[in-house]
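None of these values were measured; they are calculated from a predicted model. Remember, it's 1-based here, ligands and their atoms both numbered in the order they're listed.
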Amino acid sequence: MLELDEWLCQHLNKTKEAGLYRKVRTMNTAPRSTMLIDGRRQIVFSSNNYLGLANNQRLVTAAEAILHEYGVGSSGSRLTTGHTDWHHKIEEKIASFKQTEAALLFSSGYLANVGVLSTLPKEGDVILSDQLNHASIIDGCRLSKAKTVVYNHIDMDDLEKKLNETASYKRRFIVTDGVFSMDGTIAPLDQMISLAKRYHAYTIVDDAHATGVLGKNGRGTSEYFGVRPDVVIGTFSKAIGTEGGFVAGSHVLIDFLLNNARTFIFQTAMPPAICAASYAALEVIEESYDKRQQLVSNVEKIKTSLIEMGYLVKGDLTPIIPVIIGDPNEAVGFSEKLQEKGIYAPAIRPPTVPEGESRIRLTVTSDHTAKEIDYLLECFQFIGKELSIK
Ligand SMILES: *Cc1c(COP(=O)(O)O)cnc(C)c1O
C-alpha cells in the first residue's frame with residue numbers, strides 16, 4: 001500500500017496532466033472592480049458582486065453597529081441559543097422582498113439547496129433536474145431518497161417527455177437554477193410552471209444569480225416572468241453582497257423546513273451582524289434601479305462587442321458571460337494572457353463544464369467603468385489574434 005500522500009500525489013499529477021489543476025489566489029483588497037490579486041493590480045471580471053454591495057458603506061455601517069452590540073458569533077443553532085431579533089427581521093425582509101408569506105435563513109445557499117432537496121422529496125418521489133443545475137442542487141438530490149431524472153438544459157420538450165415518463169411516481173418535483181451559473185442562461189420559468197401545473201408537479205427555483213439582478217425591482221426570475229414557483233431558494237453571497245442562504249415560500253413550507261431540514265437544524269446560526277448587513281442590502285437593492293440599468297448596459301456592451309469580434313458567447317442577458325474557447329489548456333493560456341495584461345477572468349474547465357466547452361467566464365458588475373470595459377475588449381481583440389482563437 002502507498003503512503004497516503006504518495007497516493008494523493010498520483011491523483012493530483014493526473015489532474016495536472018489533464019490541465020485541470022486548481023489553486024487559490026489571494027486578494028489583498030476589498031472586493032472592487034479593480035483589486036490587488038497576489039500583489040498585482042487586476043481589473044476583476046469574475047466576481048459575483050453584481051451591484052458592488054459587498055463593499056457598500058451602508059452595509060458596512062449596518063454590520064458595524066450590530067457587531068458592537070451583539071458580538072461576532074451567534075453561539076448556537078437557530079433552535080437552541082442562536083436565534084436573534086435580527087434573524088427574525090431579515091427573514092421578514094426576505095419574504096417581503098420575494099413577495100412570499102415567509103422565509104427561512106440558512107448559513108449559505110449551498111446548505112439551503114441541500115436542506116430543501118434532501119427534505120421535501122421523499123422515497124417514491126422523483127426530482128426532475130436541469131442538466132446544468134448547480135453542484136449544491138446535485139448534492140441535495142444525491143442525499144434525497146427520491147429518484148433523480150436529469151433533463152436537457154432548459155429544454156422544455158425534454159422536461160415534458162420526462163414528466164410523462166415519470167407519471168407513476170408519487171410526487172414530482174422540478175428543480176432548476178433561475179440563472180445558470182456557468183452558461184448565463186435564464187430558465188424559462190413561465191413555460192416550466194405551466195408544465196408543472198398541467199402535470200401536477202411542484203417547482204423549486206434556485207435564484208442565486210437572479211436575486212437583485214432580474215426583474216424590475218431585482219426580485220429575481222419570479223418577477224422577471226411574473227410567476228410563483230412553490231419554493232424559491234437564494235443566496236446573499238452574489239448581488240446582495242454578504243453571506244448566507246434562504247428559502248422563501250408559504251408559512252407551511254417554512255415551518256416544515258424549520259422542523260425537518262438537517263442543514264438548518266444542525267448548523268450554527270449566521271452572525272447577527274451579517275443579518276443586519278443583508279437587511280441593509282435588500283433596502284439598497286429596492287432603491288437600486290439605476291445600478292441594475294448600469295449593469296444591463298455593461299453586459300450589453302461586452303456581449304455585443306465580443307460577438308462582433310467573432311467570439312462564441314453563450315447565455316441570455318445576465319451578468320454571466322461565457323466566452324467559449326474549447327480546449328482546457330487553451331482556455332487556461334487565454335486566462336493567463338489576460339492576467340499578464342491586468343485582467344482577472346478565470347478559465348472554467350471540466351468537470352465544472354462539459355468536455356470541449358472550456359471557457360473564459362466573465363462576470364460583470366454595475367461598478368465596472370466604461371474605461372475598464374473598453375480595456376477588457378481591447379485585450380480580447382489582441383489575445384484572440386495572438387492565439388488565433390476566434
Ligand atoms: C453560488 C450558488 C449557490 C451557493 O450559494 P452560497 O451561498 O455561496 O453557498 C447555490 N446555487 C447557485 C446557482 C449558485 O450560483
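Summarising the local packing, CD of Glu355 is surrounded by 12 or fewer heavy atoms from other residues, nucleotides or ligands at distances under 6.0 Å.
Other residues sharing a hydrophobic cluster with Val114 under the 4.5 Å side-chain heavy-atom criterion for ILVMFWY residues are Tyr110, Leu143.
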Can you give me a line-by-line list of nitrogen or oxygen pairs between ligand 1 and the protein shorter than 3.5 Å?
from, atom 1, to, atom 2, distance (Å)
ligand 1, 7 (O), Gly109, N, 2.7
ligand 1, 7 (O), Thr235, OG1, 2.6
ligand 1, 7 (O), Ser237, OG, 3.2
ligand 1, 8 (O), Ser237, OG, 3.1
ligand 1, 9 (O), Gly109, N, 3.3
ligand 1, 9 (O), Tyr110, N, 2.9
ligand 1, 11 (N), His134, ND1, 3.4
ligand 1, 11 (N), Asp206, OD2, 2.5
ligand 1, 15 (O), His209, NE2, 2.7
ligand 1, 15 (O), Lys238, NZ, 2.7

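Because its NZ or CZ atom is not both nearer than 6.0 Å to the ring centre of Tyr169 and within 45° of the ring axis, Lys147 does not count as a cation-pi partner of that residue.
When the salt bridge (Lys or Arg N to Asp or Glu O under 4.0 Å) test is applied to Lys98, the partners found at least two apart in sequence or on another chain are Asp207.
Below 30°, between 30° and 60°, or above 60°: for Phe264 and Phe106 the angle between ring planes is above 60°, a perpendicular geometry.
Under the salt bridge (charged side-chain N to carboxylate O under 4.0 Å, His left out) criterion, the residue pairs touching residues 88-97 are Arg78-Glu91, Lys93-Glu286, with sequence neighbours excluded.
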